[in-house]
Student: 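Can you keep this structure in mind? I'll have questions shortly.
Lettering follows sequence order; numbering is per chain, from 1.
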Amino acid sequence: MKSRRTLWTVLGVVAIVGFLAFGFGAFKSNLTPYVTFEEARTARGTVQITGTLVSGSDSFDADSSRILFTLRENSGDTMRVAYAGAVPGNLKEADMIVAIGRFDGSLLQAEGILTKCPSKYEQQGSRHPDEVPKATT
Amino acid sequence: MFVPGAVTLWVALVALVASTYFYTRALRGEKAALDRARQAYTLSAFAVGLATAALSYLIMTHDFRVHYVYSYSDTSLPPVYLFSTLWAGQEGSFLLWLLSGLLIGLPLIRSSDDDEAHTLIPYNLVQLSLVLILIRQSPFRFLQGLPPGQMPTDGQGLNPLLQNPWMVIHPPIMFVGYAATAVPFALAVAALWRRQYNQWLRRALPWSIVSLVTLGCAIMLGGYWAYVTLGWGGYWGWDPVENASLVPWITSAALVHGLLLQRVGGRFRRLNFSLAILTFVLVVYATFLTRSGVLSDFSVHSFVDLGITGWLVAYLLTFLLIGAAFLAWRWREIPSERGDEPFWTRSVLTVVGIGVLLGAASMVLLGTSAPLLTRMAEKPSQVGPAFYNQVTLPIGIVIALLVAFVPHLGWKQPGEKLLGRLLTAGVAALAGTALAIALGARGALYLSLLTAASFAAGSNLWRLVEALRARSLLRAGGHLAHLGLALMLAGIVISSAFDRAVKLNLPEGQEVRALGRTLVFRGVDTTTVPGKQLMLVEVKDASGAIWTARPRMWTNPKSGQMVANPDLHVLLSHDLYVAPIEWRPGRAAAPANTVELGKSEATRVAGGELRFDQFVREGTHGGEATFSIGVRLTLVRQDGEQTLVPQLTMGPNGMTSSRVELPGLAGGWVEVAGINADQGRVRLVLGGVGEVAADPGVPPVFIAEITIKPAISLVWIGLVVLLVGGTAALLRRARDAGPQTPHPTAT
């Protein structure tokens, strides 16, 4: 009786440790640092960058079935991004676009993109009282 | 500040403080204090009800002096969407959460016996923290800097993506679920406080099922909304906001199962106290993650830090400390017994299942917290969907296997005819898998999950039928919920692992073959839905049946930006999903001797070519109401280049063009027939230069992503079955929890 309980305890501990090792391994191998465009050009692995869409820069390349667009970050630096996956419908509506991928020397080859859409928890548009439209009573 | 609204919030605050104070006096046995405490509590619920009514009134009457009303609504919204802006912003959603919490407290008080004061003191603390946030960040404050007596004529409106029926009901359901997690928390704290380690679960069980069902329902609605409006083709993106609701959902599921175990065997008391406290603390943590702005660079949702980050951190620590302190205080005293069941019993597998659920919750939590954790050490980093998929796939397999075995087992002994039943369900599972392989499904892990899920579905369906024959529908809630879970897992794996997608260029009127179907883009419908362009795509399948997809591309008038919505054809076996990517207007065919040129483009003329350089604004001195623009052309020939500038004049009598002779080409001339300034193109008419090839034009092109998602209906059907099963279980447990019930007996 006692030895069976010990056996189950050992098996349980092995299962938990194994799962944690597996989980943390997957965690470490999937971490993508959030970097500036300049850092992205020299980074080795997968990184993620954030910027605004340069308006009118997006186009669809039918041959490679990719969408291409240019992001501009706060510093003014720009980067061309190529993405072959499913394009979020609010790409052009988005305030900010996050692209996750690798820089191949000329383009950021994105594996995924996130669009930061205006959400429930966002205050839309003008935040400053000066921008309040001229009023009537 | 809208004073009546602000007053109601202050009244609620004072009443809650008073209620808590009287409850502390009731702890010392003052009977009168108990009545006062209840009256004060009811007053606070009434005051928050009034506050909600006041905010609704301000919204419905378009009082744009109020910052909240101005920020989230406008005069063009239809009434239902207008009303839904009540919970479209931070402040409104906190108000709704608070109202749900206070209303849930009323039956909680009624069902209390001598533990009322111990329960309501921690419960009131939760409501107090929400009132304080609302007073700090009031939904009733006015826009700053507005001249007295004036207000804006219109508000900024509701994000068009949120103007969707599912998004109207999603937040209220979610906040009922969040609010309900405070009940098991308060009951657990009270039980530890009073050293009554068993009785609390009778009342905690139905409320934890309420959380499980409402959070599940809200998550489903959110996923369905994303699927039908956003156009990326999925329903779950492992975004922090989504995860923030998923983690408490998983721990709620663990809690429900733990409470059932304790109810049956009288054991696992420590586990259940920990789970009840953990679930609530995770709700606070999720609120902190999603409302404080800490993840703003990592989420697809935009968060604005409203200055409550510090408060949320303080709340998180407070409730964590309260829970941990009570647990630590009584930990050694809580009776714990060792069980001696064999492994193949429902009890042991349920414990394993709780462990697996906690493993899943901790991994999702780890991934969601990655930016916070890594920020301390290095550059903030995050993990993408790949991490979550990798980790949750094996967890899904284990859970499906557990759910497959459990219905055939007794709580204390392996069930009768166990082997025969398992074999039958197993054969069904293998048949299902073989069918999937025959249909082209591959991948060991996917197929394992599919097998386990069909195994689980078969097992639970069987037990469900047995229960229905015995006419005990309410007792079958668990089987029904597990059947739903199995169907959902199968739907998730089939639709995401075996979907087929293709991006297509669809020139107007031309048939394009893809995915075994013939697609024709029939043009743009601008009239059916005002303000929205419907792209008409005819899809003919192999049998000749035609479905016309109407995905939308339109411009949000508030932001001036493009919004694209997909359209989908829902069938039981698969969905056909058409998501717009781009629409190119094309160019009309031009008559002979007319050419259309973009900047730097050239057309051939005798002995050389004529190039369009740019528009020039020289010589625009027409009279009033006339405007003329020059088109600078360069005639390039072997003997040199010459610049020509024909003028196009737009006046009250229409457009006229000057005719410019082509030098060195007797009788040759050029005129401007039209311009398109947006695209930088010009249309020229050439004369006396012989034949110039006619421009055949370019048809409009619609670029879309077409996806076939097999069995995705199973995801929604499974979720609905899961929730119906949960509701059946809730009805049964709520009946048990009624005050007239004698001591609960094990089932």
Student: Is A:I100 in contact with chain B via its backbone, its side chain, both, or neither, using a 4.5 Å heavy-atom distance?
Tutor: side chain

Student: Heavy-atom cut-off 4.5 Å, strictly under: side chain, backbone, both or neither for B:Q390 against chain A?
Tutor: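 B:Q390 touches chain A through backbone and side-chain heavy atoms alike.
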
Student: Check each atom of B:A386 against the heavy atoms of chain A and say whether the ones under 4.5 Å are side chain, backbone, both or neither.
Tutor: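 Both parts, backbone and side chain.
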
Student: Does the A:T32 side chain pair with the main chain of B:Q382, one donor and one acceptor, at a distance under 3.5 Å?
Tutor: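 Indeed, once roles are kept as given, a pair shorter than 3.5 Å links the two residues.
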
Student: Does A:R41 CZ have over 12 foreign heavy atoms under 6.0 Å away?
Tutor: yes

Student: Say whether, by atom type as modelled, one donor and one acceptor occur between the side chain of B:K503 and the main chain of A:I67 under 3.5 angstrom.
Tutor: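 The answer is no, because no donor-acceptor pair under 3.5 Å joins these two groups.
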
Student: Nearest heavy-atom pair of A:P33 and B:S381: which atoms, and what distance?
Tutor: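 Between these two residues, the closest heavy atoms are CA-OG, 3.3 Å.
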
Student: Chain A heavy atoms under 4.5 Å from B:I395: which part of the residue, side chain, backbone, both or neither?
Tutor: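 Interface part for B:I395: side chain.
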
Student: Using non-hydrogen atoms only, which part of B:T374 is less than 4.5 Å away from chain A: side chain, backbone, both, or neither?
Tutor: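 Contact with chain A: side chain only.
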
Student: Checking B:A370 against chain A: side chain, backbone, both or neither under 4.5 Å from a heavy atom?
Tutor: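 Both backbone and side chain of B:A370 come within 4.5 Å of chain A.
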
Student: Within this structure, what is the OG-CD1 distance for the pair A:S59 and B:I703, rounded to the nearest 0.5 Å?
Tutor: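 Between A:S59 OG and B:I703 CD1, I get 9.0 Å after rounding to 0.5 Å.
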
Student: With a cut-off of 6.0 Å (strictly less than), are more than 12 heavy atoms of other residues, nucleotides or ligands near CG of A:N74?
Tutor: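 Not more than 12 within 6.0 Å, no.
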
Student: Counting only non-hydrogen atoms closer than 4.5 Å, does B:P394 touch chain A with its backbone (N, CA, C, O), its side chain (CB onward), both, or neither?
Tutor: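 Contact with chain A is through the side chain of B:P394 alone.
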
Student: Measure distances from B:R584 to the heavy atoms of chain A and classify the residue's part below 4.5 Å as side chain, backbone, both or neither.
Tutor: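 Just its side chain gets close to chain A.
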
Student: Who in residues 13-23 of chain A is close to chain B, using a strict under-4.5 Å heavy-atom cut-off?
Tutor: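 Counting heavy atoms that sit under 4.5 Å from chain B, the residues of residues 13-23 of chain A involved are A:F19, A:L20, A:F22, A:G23.
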
Student: How close do A:F27 and B:L366 get, counting heavy atoms only, and between which atoms?
Tutor: CE1-O, 3.6 Å

